[in-house]
Engineer: 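Sharing a structure, written as structure tokens. Questions coming.
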Amino acid sequence: MPSSSCPTPARILVIGAGGRENALGWALARSPGVEAVWITPGNGGSCELPGCQQLTIKESDQAGLEAACRDLAIELVVVGPEAPLAAGLADRLRELGFPCFGPGADGAQLEASKHWAKALMQESGIPTAGHWAANSREQALQILENEGRPLVVKADGLAAGKGVTVAESVEEARAAIEEIFAGRGGSGPDTAGSELGSPCLVLEERTFGPEVSVFALCDGQRMVLLPTAQDHKRIGEGDTGANTGGMGAYAPAPLLDAEGLEQVRLLVLEPTLAALRARGINYRGVIYAGLMLTTAGPSVIEFNCRFGDPECETLVPLLGPEFAQILFACANGNLDQAPALTIYPGCSACVIAAAEGYPGELRRGDPIDSALQPTDHLQLFHAGTRQDHLGRCLTSGGRVLAVVAQADDFDTAFERAYNGLAQVHFEGITFRRDIGHQVRSR
Ligand code: AMP
Ligand code: GLY
């Protein structure tokens, strides 16, 4: 049960519109002592979550969010996506006295600038692939020419997962560079990386190995680690086809056992938080490390300044009743006074139902029929959905729903998740049948 010496925030505002934010709202509303959770702008499922209400204020509307915090006497703000964090929303809310879980614009550079994050890792000896920064097309092509091998090409700045090309050939890498400088690849030179003299692209050595996601909840100085999760980024079964935001996940990922996770804490997470502190950054939020487990050990592929989606939906059902207290303590910089976070020992499985066409041109506006009844072991989180004026739920985005289930073993957890998914219908529903293939025996 929650420790009485560590306060619980009674009134919480969750900012964001995805499955991640619905899962956060659901988990926070379950925490004892939490009286009300508002999700804004939310989606078609936000107001149906027990204990949650929906507002219509957009993530980018700082003035509107400030007013909501005042009017609703919000005690904790949890910011889901990276864009408002990079825009300084958490700084502004903290200035006004609202405890906020999410880094300021300075700390959000961990995700918002690949070059900045790479430099931080290099200076602190954090394992990551070798890289070159380039701020012109000519310079990038010259680096590629000199290396004479296919390099990974990354646009600097927030690119919503679409700014990376893992080239198989030098020609493919060259084409990716040309595309970025033509302004079509993620955030090109005319957006985040465009300040005079700042690099707008990063070239990287390619590394090989399975990928896992690790999440550290930080209070500026201390951290609590969540179980590891494995995402499925590709649209197609067998991990083929285009990159997506994530088509499913499972946790905990046995690829990284307790000892491996401890190694990641010592080699990656603690040094990252220390490097942030050394730059004067009081980082209060999630450090999400996307790791590749290479034969030489873990290597950081990327940092994000927020929870992963769909990893968040997958993980929160495994977390105990202290969750709201822990996020509050992170926001207040006193994690040392928070109770330990209970982690339930089971397995969690998440399958995403996407719209036809995702991650390209997609169908929208189809009615969703669901007979799925959530249980203690089965959750349905809405992502790209909205309610029309008659209160009907319609598809409105690429990743439409996340079905999540828990059990003592992965086979049962995935069976429950897929059985849950079979009770949901919309025209063009698209999902992978092989999520968790790494841990399933049937
Ligand atoms: P990022 O947006 O940096 O997470 O990259 C997206 C995906 O590209 C990652 O999940 C990896 O699968 C792949 N990737 C990124 N960097 C590398 C690298 N240096 N070597 C191999 N694959 C990479
Ligand atoms: N699931 C990957 C991400 O949230 O970036």
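Keep in mind it's a predicted model, so treat the numbers as computed, not measured. Numbering of ligands and ligand atoms starts at 1, following listing order.
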Engineer: Strictly below 4.0 Å, N to O, side chains only: are Glu313 and Arg399 in salt-bridge contact?
Structural biologist: no

Engineer: Given the ring of Phe414, does Arg440 sit roughly above its face, with NZ or CZ under 6.0 Å from the centre of the six-membered ring and within 45° of the axis?
Structural biologist: yes

Engineer: Below 4.0 angstrom, N of the basic side chain to O of the carboxylate: do Glu168 and Arg206 qualify?
Structural biologist: yes

Engineer: Pull out every atom of ligand 1 sitting under 4.0 Å from any heavy atom of Lys114, numbered as shown with elements.
Structural biologist: 1 (P), 2 (O), 3 (O)

Engineer: Check ligand 1 against Glu204 and write out every atom of the ligand that is under 4.0 Å from a heavy-atom position of the residue.
Structural biologist: 16 (N), 18 (C), 19 (N)

Engineer: Honestly, is Arg416 close enough over Tyr418, meaning NZ or CZ under 6.0 Å from the six-membered ring centre and within 45° of the axis?
Structural biologist: no

Engineer: Verify side chain to side chain contact (heavy atoms under 4.5 Å, CB included) between Gln109 and Arg279, making sure each step is shown before the conclusion.
Structural biologist: CA-CA 12 Å; Gln109 291 177 92; Arg279 283 165 168 71; over 6 Å; no

Engineer: Report, in ascending order of atom number, the atoms of ligand 1 lying under 4.0 Å from any heavy atom of Lys233.
Structural biologist: 10 (O)

Engineer: In terms of heavy-atom contacts, does CG of Asp408 have more than 12 from other residues, nucleotides or ligands at under 6.0 Å?
Structural biologist: no

Engineer: Heavy-atom contacts with Lys154 under 4.0 Å: which atoms of ligand 1 show up? List them by number with element.
Structural biologist: 3 (O), 15 (C), 16 (N)

Engineer: How does Glu205 reach ligand 1, by side chain, by backbone, by both or by neither, if only non-hydrogen atoms under 4.0 Å count?
Structural biologist: backbone

Engineer: Is it true that Asp219 and Arg222 make a salt bridge, defined as a side-chain N closer than 4.0 Å to a carboxylate O?
Structural biologist: yes

Engineer: Taking distance alone, with N or O pairs closer than 3.5 Å, would you say Arg206 contacts ligand 1?
Structural biologist: no

Engineer: What's the separation between atom SG in Cys69 and atom CZ in Arg92, rounded to the nearest 0.5 Å?
Structural biologist: 11.0 Å

Engineer: So if I count the atoms of ligand 1 from 1 in the order they appear, which ones are less than 4.0 Å from some heavy atom of Glu302?
Structural biologist: 1 (P), 2 (O), 3 (O), 4 (O)

Engineer: Quick one: side chain to side chain donor-acceptor pair (under 3.5 Å) pairs with a partner in residues 297-308, sequence neighbours left out?
Structural biologist: Glu82-Arg306, Glu111-Arg306, Glu302-Asn304, Asn304-Arg306

Engineer: Enter the distance from Ser31:OG to Phe323:CZ here, rounded to the nearest 0.5 Å.
Structural biologist: 7.5 Å

Engineer: Can you list the ligand 1 atoms lying under 4.0 Å from a non-hydrogen atom of Val166?
Structural biologist: 8 (O), 13 (C), 14 (N), 22 (N), 23 (C)

Engineer: Are Asn146 and Gln142 linked by a side-chain donor-acceptor pair shorter than 3.5 Å?
Structural biologist: yes

Engineer: Taking only heavy atoms of Val164 into account, list the atoms of ligand 1 that are under 4.0 Å away from them.
Structural biologist: 1 (P), 2 (O), 3 (O), 5 (O), 8 (O)

Engineer: At a heavy-atom distance under 4.0 Å, which protein residues reach ligand 2? Sort them by chain and number, would you?
Structural biologist: Asp231, Gly245, Tyr288, Arg306, Gly308, Asp309, Pro310, Glu311

Engineer: Under 3.5 Å between some N or O of ligand 1 and some N or O of Asn243?
Structural biologist: no

